[in-house]
Amino acid sequence: MEALELKLKQASAVLGVPPKELQNLVQFKVLRPTRRNSLYWFDRRLLLEAKVALYLKESLGSSTEVLALFTRALPDFRNEDVTKVRYLSLRSRPAKGREPIEVRIPLRELANELKEQLPAAAVYQDLPRGRKRPGWKREFTRTLEAVAKDLSGVTESQIAEAIRGFRAEKKKLPEITVAPSKKTA
């Protein structure tokens, strides 16, 4: 399998998240990509760590400190090993006289999703800093004109209502379901 190194924006396109969200995971040391020439570089392993961290954040609403602990607890898998492991179980240290907390992460499913999303890195256009490419203003203007035509029948109040609805949906916390496990003695 060929070596893979992606910049932060390309990695965010592969993971399907905004670059700022991935940048926050790096900034809060949940992820620790290598840094060369003031750019962060993501390899396959780090993309999988990011996928797990985003999965945990989405499903548990975990804080960055907890996410950082989870990603550091991930074993060092090779690409072949990831497809063999269906679930990754992380257990806490048991409190005095209590059962430990266990979190199961569907590692194989996340790795397969990541494998399917990797072609997005080749399609994603990563522009260099500084000078823009020739004709970018004309292209930007054409895009805005096309969007304006699509929104010609939409009122300002409808746009404001759509934004409020989107923000309200985004603020909803994920529901956490607690179920007893079958323990055999």
Side-chain angles (χ1 to χ4, degrees), residues 4-33 35 37-42 44 46-68 70-71 103-179:
L4 174 75
E5 282 195 328
L6 302 175
K7 295 177 187 176
L8 188 132
K9 286 183 181 180
Q10 291 172 312
S12 69
V14 168
L15 295 169
V17 296
K20 184 63 180 170
E21 190 169 345
L22 190 59
Q23 182 181 347
N24 286 343
L25 291 178
V26 172
Q27 183 178 353
F28 291 116
K29 295 182 175 44
V30 174
L31 302 173
R32 296 173 186 263
R35 187 173 175 148
N37 300 329
S38 74
L39 295 173
Y40 291 111
W41 294 91
F42 292 79
R44 289 182 190 275
L46 203 58
L47 285 172
L48 183 60
E49 282 183 24
K51 191 81 171 162
V52 169
L54 292 166
Y55 173 79
L56 289 171
K57 182 179 177 187
E58 185 180 316
S59 57
L60 299 177
S62 300
S63 68
T64 54
E65 294 86 16
V66 174
L67 290 174
F70 274 124
T71 55
V103 176
R104 286 178 33 166
I105 302 167
L107 193 62
R108 185 188 312 162
E109 179 183 327
L110 293 175
N112 288 338
E113 280 179 19
L114 185 62
K115 192 176 182 181
E116 290 172 7
Q117 294 166 335
L118 273 176
V123 173
Y124 189 77
Q125 206 172 17
D126 188 35
L127 299 175
R129 288 179 165 173
R131 272 200 170 154
K132 307 297 184 243
R133 68 185 185 284
W136 73 271
K137 283 185 182 179
R138 281 189 305 277
E139 184 181 327
F140 184 69
T141 306
R142 276 193 299 251
T143 304
L144 288 178
E145 288 170 351
V147 170
K149 286 178 187 173
D150 291 343
L151 294 176
S152 62
V154 180
T155 65
E156 223 174 288
S157 60
Q158 289 173 323
I159 294 172
E161 183 62 35
I163 292 171
R164 274 195 294 277
F166 175 77
R167 288 180 178 162
E169 187 68 31
K170 192 175 177 183
K171 284 184 181 179
K172 287 182 183 176
L173 293 175
E175 186 176 320
I176 297 174
T177 307
V178 180

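The model shown is predicted, which means the values in this text are computed figures rather than measured ones. Worth knowing before you read on, the calculation uses all heavy atoms, side chains too, and leaves out hydrogens, waters and symmetry mates.
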Given side chains that start at C-beta, do those of Trp41 and Lys7 come closer than 4.5 Å, heavy atoms only? yes

Do the side chains of Glu58 and Leu54 get nearer than 4.5 Å, heavy atoms only? no

Rounded to the nearest 0.5 Å, how far apart are OG of Ser12 and CG of Leu25? 11.0 Å

Within this structure, what is the CG-CD distance for the pair Leu114 and Glu49, rounded to the nearest 0.5 Å? 11.5 Å

Strictly by salt bridge (Lys or Arg N to Asp or Glu O under 4.0 Å), give each pair with a member in residues 11-30 just once, sequence neighbours left out. Glu21-Lys57

Under 3.5 Å, side-chain donor or acceptor atoms of residues 152-166 against the rest of the protein: list the pairs with distances, not counting sequence neighbours.
unit_1	atom_1	unit_2	atom_2	d
Ser152	OG	Lys149	O	3.1
Thr155	OG1	Ser157	OG	3.1
Thr155	OG1	Gln158	N	3.3
Thr155	OG1	Gln158	OE1	3.4
Gln158	OE1	Thr155	N	2.8
Glu161	OE1	Arg164	NH2	3.1

Assess the residue pair Arg44 and Leu48 against the criterion (side-chain contact (heavy atoms from CB on, under 4.5 Å)); give the C-alpha distance rounded to whole Å, side-chain angles, the decisive distance to 0.1 Å, and a yes or no. CA-CA 6 Å; Arg44 289 182 190 275; Leu48 183 60; over 6 Å; no

State, to 0.1 Å, how close Pro19 and Leu8 come at their nearest heavy-atom pair, and which atoms those are. O-CD2, 3.6 Å

If I compare all heavy atoms of Val30 with all of Ala53, which pair ends up nearest, and what's the gap? CG1-CB, 4.0 Å

Who passes side-chain hydrogen bond (donor to acceptor under 3.5 Å, both in side chains) against [X], sequence neighbours left out?
| X | answer |
| --- | --- |
| Tyr55 | none |
| Glu113 | Lys51 |
| Arg35 | Tyr40 |

My understanding is that only one of Asn24, Leu47, Leu22 makes a side chain to side chain contact (heavy atoms under 4.5 Å, CB included) with Leu31; could you say which? Leu22

